[in-house]
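For reference, the structure discussed in these notes is given below.
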Amino acid sequence: MNLNVDQLLDNLQSETRQLLNKLEIEQPLIIGIHTGGIWVAERLHAALGITSKMGILDISFYRDDFSRLGLNPQVKPSQLPLDITDQHIVLVDDVLYTGRTVRAAMNELFDYGRPASVQLAVLVDRGGRELPICAAVAGKRIDLLSNQQVKLTGPEPLQIEVVTIDSA
Amino acid sequence: MQHFLTTESLDRDQLIAILDTAESFTSVDGRNIKKVPLLRGKTIVNLFFEASTRTRTTFELAAKRLSADVLNINVNSSATVKGESLLDTLRNLEAMHIDMFIIRHHNSGAAEFLTQHISPGISVINAGDGRHAHPTQAMLDMFTIRRVKGEFANLRVAIVGDLLHSRVARSQIHALRTLGAKEIRVIAPRTLLPSHIEDLGVVAYQNIERGIKNVDVIIMLRLQKERMQGALLPSQHEYYHLFGLTRDRLAMAAADAMVMHPGPINRGVEISSAVADGEQSVILQQVSYGIAVRMAIMSMLAGN
């Protein structure tokens with residue numbers, strides 16, 4: 001399956017703009033989830049003309065599989081404003097799959113304060129949810145099999161493809 | 001890593017991984033809620049057979065910021081005073097389903113002894129054993145150096161003071177060598193220098209003015225006052241006169257030299273107040289960074 005990353009970004013940007021207009025939110029805080037989510041968030045942040053600095057979230061300390069997999073050796077510091085209380089947040093990730101990453105991200109967000117609202121924007125929603133989480137906006141919504149994976153590479157050039165993993 | 005006993009047994013990649021992970025934990029410090037859920041449900045015991053304020057409290061804070069439950073056992077006020085052996089104390093604590101032990105003990109090798117008798121799956125962190133090692137202190141010192149200086153490759157480091165009895169110095173020397181510091185000097189009166197210390201890859205000086213020349217990092221060690229009785233030193237006053245870090249001596253080091261000390265400091269014995277509280281001192285930063293570094297080590301062991 002071929003996905004055009006520019007097309008997906010265009011969709012995501014216009015859908016996000018519509019959503020923010022409808023909700024009457026002018027300057028949301030854009031937060032990207034490590035690593036692919038940051039690349040997407042940077043583009044969204046620029047396209048929407050947001051003046052405040054973008055936030056970065058590394059959810060390694062909040063993963064639900066720590067006891068099985070241990071600590072991610074590539075963990076990076078999260079960079080958020082010190083207090084996000086009463087702010088409108090757009091949380092950005094590259095791919096929405098099980099929903100576990102978003103659950104972890106929300107837990108981390110709430111340790112920084114109590115936001116006014118959190119919207120989820122993803123480049124690709126590929127189905128396969130294991131938690132009651134859904135994206136407010138998505139560049140594309142597709143249903144993939146469990147042996148298929150959406151792979152985003154970047155940051156320059158940003159490329160996206162669907163790969164099939166051989167189950168040996 | 002199952003246990004964390006020395007810096008000597010770790011390679012460069014492992015030391016760097018600890019420093020990088022600690023870097024991420026520093027972001028927790030400034031937040032509204034200074035806690036992450038990594039060690040939720042785990043029980044950690046601070047088992048201290050020697051007095052400690054900084055090390056014990058920063059271990060406790062680190063564990064609490066990882067959401068673990070912490071027990072502090074100070075042996076002065078516990079059953080050991082009533083004659084219980086280390087192994088019996090251990091067995092009793094194990095029966096309470098502990099996940100991690102942090103131990104400080106006056107005997108070298110005590111932490112390793114614990115690992116040989118402990119049930120599988122339980123981690124041990126050495127918080128100082130006799131004259132042998134104090135690896136978490138060494139790692140927080142490396143973290144502080146990297147934060148201020150960036151790289152290790154071009155650094156000249158001087159460690160000044162009671163090298164003979166210092167477990168901190170030993171752990172620092174191993175870590176600095178593994179991380180590739182350019183030059184490591186040790187400065188002390190002859191009575192406080194271990195014989196063959198050069199075998200560790202350091203250059204020994206018995207004169208502070210010569211030893212401190214052009215160094216980028218000065219690590220002061222605490223002069224343990226109890227050493228004064230063993231005829232190793234004539235008097236505190238004379239020690240300060242010959243080896244104390246004063247402004248005049250600091251001026252002989254590189255212009256941007258940083259001054260470190262593991263604490264507790266003896267003002268007017270190994271360091272002057274003007275230097276300890278001066279612009280080049282990072283002594284209090286060391287304490288803050290100790291929390292992030294200990295969080296990193298604990299979470300890396302727990303996620304093993």
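For the numbers below, each heavy atom of this structure counts, side chains included, while hydrogens, waters and symmetry mates do not.
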Requested in this report: Report, as yes or no, whether the 6.0 Å neighbourhood of atom NZ on A:Lys151 holds more than 12 heavy atoms from other residues, nucleotides or ligands.
Outcome: no

B:Lys149 atom NZ, neighbour heavy-atom count above 12 within 6.0 Å:
yes

**Study point:** B:Arg40 atom CZ, over 12 foreign heavy atoms within 6.0 Å
**Key:** no

Answer key: most heavy-atom pairs under 4.5 Å with chain A among B:Lys42, B:Lys35, B:Met300 is B:Lys35

To the nearest 0.5 Å, atom CZ of A:Phe61 lies from atom OG of B:Ser67 at 12.0 Å

Smallest heavy-atom separation, A:Tyr62 atom then B:Arg31 atom, equals OH-NH2, 2.7 Å

dist A:Lys76:NZ -> B:Asp20:CG (nearest 0.5 Å) comes out at 7.0 Å

Please list, one pair per line, the donor and acceptor atoms closer than 3.5 Å that link side chains of residues 18-27 of chain A to other protein atoms, with sequence neighbours excluded.
unit_1: A:Asn21; atom_1: ND2; unit_2: A:Arg17; atom_2: O; d: 3.4
unit_1: A:Gln27; atom_1: OE1; unit_2: A:Thr51; atom_2: N; d: 3.0
unit_1: A:Gln27; atom_1: OE1; unit_2: A:Thr51; atom_2: OG1; d: 3.0

Exercise. Could you tell me whether B:Glu279 atom CD has more than 12 heavy atoms of other residues or ligands within 6.0 Å of it?
Key: no

- [ ] Examine distances only and state if a side-chain atom of B:Ser24 and a backbone atom of A:Val75 form a donor-acceptor pair shorter than 3.5 Å.
- [x] yes

Self-check item: Worked verdict on B:Asn32 versus A:Asp111 for side-chain contact (heavy atoms from CB on, under 4.5 Å)
Solution: CA-CA 6 Å; B:Asn32 192 357; A:Asp111 282 351; over 6 Å; no

Applying a strict 4.5 Å limit to non-hydrogen atoms, the region of B:Leu39 in contact with chain A is side chain

B:Arg177 atom CZ, neighbour heavy-atom count above 12 within 6.0 Å: no

Answer key: most heavy-atom pairs under 4.5 Å with chain A among B:Val28, B:Leu66, B:Ile33 is B:Ile33

